[in-house]
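Note that the structure is predicted; figures quoted are calculated from it, not measured. Here is how names work: the chains are called A, B, and so on, in the same order as the sequence lines, proteins then strands, and each is numbered from 1.
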Amino acid sequence: MAGAKAGAETASGDSGRIVAALLAWYAQHRRDLPWRAPPGARADPYRVWLSEIMLQQTTVAAVIPYFHRFLDRWPDLGAFAAAPREEVLKEWAGLGYYARARNLHACAGALVARHGGEIPRQESQLRALPGIGPYTAAAIAAIAFDAQAVPVDGNIERVLARLFALQAPLPAAKREIAALARAFLPLSRPGDFAQGLMDLGAAVCTPKSPDCARCPLARHCRARELSIAGDLPRRAPRKARPTRRACAFWLECGGSVLLRQREDQGLLGAMMEVPTGAWVEDGGFADHPREAPLKAPWRRVEGLVRHTFTHFHLEIRLWRADLPPGARPGPPMRCRWVPVEELAGEALPSVMRKLAALAARSG
DNA sequence: GATTCGTGGGA
DNA sequence: TTCCCAAGAAT
């Protein structure tokens, strides 16, 4: 912690000027985002909560259309809390990290049960809710309620690592960076300070080629002084991604296709899938459809679906069978017949939509 | 502390 | 093509 101590001392000397410069920059350059209130106004806590969950490890550009669809359909927390989980998962499909959607639904229930259908303003109470970790609790407290909190996201980690020229690699340096962030407290406008740092990180202090010439904090920045801004923060090297292989089974009958709901936990948990066999690392493709969910005249579909998850690549070979309209079997466990025209509205993650697209070309 | 958990865009 | 990584949380 010697580094953090030295950094904090540096910050205390400059912190007032840094905060002022950042707030002035933010007043001029703040992004106009759909979950933000006009300058000076306080944002709707429901929108802040929803947007912060969506923005976890997800780009603003990817979130915006989802945020609009959620808000059109569920304009306030009361409406959202009444939504069945299945509908939440359908609206979330394609955004990724589906535990967020499951936790979002669970969190709404907890807000109704424990907080009278309101979003609490205390960081500690927020932190106890499903899907809300240290970052999100601080972000909601600061942005929605102007509470004395400093959320530390990837942007702020990067800005602070550069400001103080921290050489320690992430993620080990997270605690040290959080300590530096807290050295800016107390703040007059915690929400604007946090969002200012995030906007700065997104627009100026970017990961690869920071635009120091346009940075309001340049005169305070140790990394710029050392000409290493673009090299910070350092990160521990990543492990290589292995490849897993699997077969999927597209069974069509009378214009409907057989889908299956995945197990509630784990990868793509509770989402719908084209039934697949085992996903085997360093495996080959079976020559026979022995893992098919039903007996049918299976034939191989030409081509391959490739998809990359966070920690492995997946290659899927598709098998297809078409049954006569009158011969539709009862759906096996966790399965359901879905009209092909209604696939778009199903809770299908992106990898499964790729399979549907391949099947459509094979039909 | 290390792993697991998605997706799409850009260099 | 390949790699990086974006408003992290849960285990």
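Comparing dT11(C) with dG6(B), their P atoms sit 14 Å apart, to the nearest whole Å. Taking atom P on both dA7(C) and dC5(B), the two are 23 Å apart, rounded to the nearest angstrom.
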Next item on the list: Apply the test salt bridge (charged side-chain N to carboxylate O under 4.0 Å, His left out) to residues R299(A) and D322(A): give CA-CA distance (whole Å), side-chain angles for both, the deciding distance (0.1 Å), then the verdict.
Entry: CA-CA 10 Å; R299(A) 58 191 193 276; D322(A) 294 84; 3.1 Å; yes
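Atom OH of Y66(A) and atom C1' of dT7(B) are 9 Å apart (whole Å). If you measure from atom CD of E263(A) to atom P of dC5(B), you get 13 Å, rounded to the nearest angstrom. Summarising the geometry, the separation between CH2 on W92(A) and P on dC5(B) is reported as 17 Å, rounded to the nearest angstrom. Atom-to-atom, NZ of K354(A) to C1' of dT7(B) comes out at 9 Å; the value is rounded to the nearest Å. Note: CD1 (I53(A)) to C1' (dG6(B)) measures 16 Å, nearest angstrom.
A salt bridge links K90(A) to E86(A): one of the charged nitrogens lies within less than 4.0 Å of a carboxylate oxygen.
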Readout for nucleotides 2-11 of chain C: B = base within 4.0 Å of protein heavy atom, S = sugar-phosphate only, - = neither; 5' to 3' it is ---SBBBSS-
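Phosphate contact (OP1/OP2 of dT3(B), side-chain N/O of K239(A), threshold under 4.0 Å): present. Regarding contacts with the backbone of dT7(B), a side-chain N or O of H307(A) is found under 4.0 angstrom from either OP1 or OP2. Of the side-chain N and O atoms in H311(A), none sit less than 4.0 angstrom from OP1 or OP2 of dT3(B).
Side-chain contact between Y135(A) and E52(A) is present, with heavy atoms from C-beta onward closer than 4.5 Å. Contact of the F67(A) side chain with the L55(A) side chain is not registered, since no non-hydrogen atoms from C-beta on lie closer than 4.5 Å.
If you check every strand for non-hydrogen atoms under 4.0 Å, P349(A) touches sugar and phosphate atoms only. Here L268(A) lies in heavy-atom contact (under 4.0 Å) with sugar-phosphate atoms only.
For the pair R317(A) and W279(A), the NZ or CZ position fails the cation-pi test of under 6.0 Å to the six-membered ring centre and within 45 degrees of the ring normal.
No side-chain donor-acceptor contact under 3.5 Å links N103(A) and R100(A). Counted by atom type alone, T136(A) and Q56(A) present one or more donor-acceptor pairs between their side chains at under 3.5 Å.
Of the candidates dG6(B), dT4(B), dT7(B), the closest approach to any side-chain atom of L267(A) belongs to dG6(B). Ranking dG6(B), dT4(B), dT7(B) by closeness to the R100(A) side chain, first place goes to dG6(B).
Each of G266(A) and P171(A) was assigned the nucleotide of DNA chain B with the nearest heavy atom; the assignment lying further toward the 5' end belongs to P171(A).
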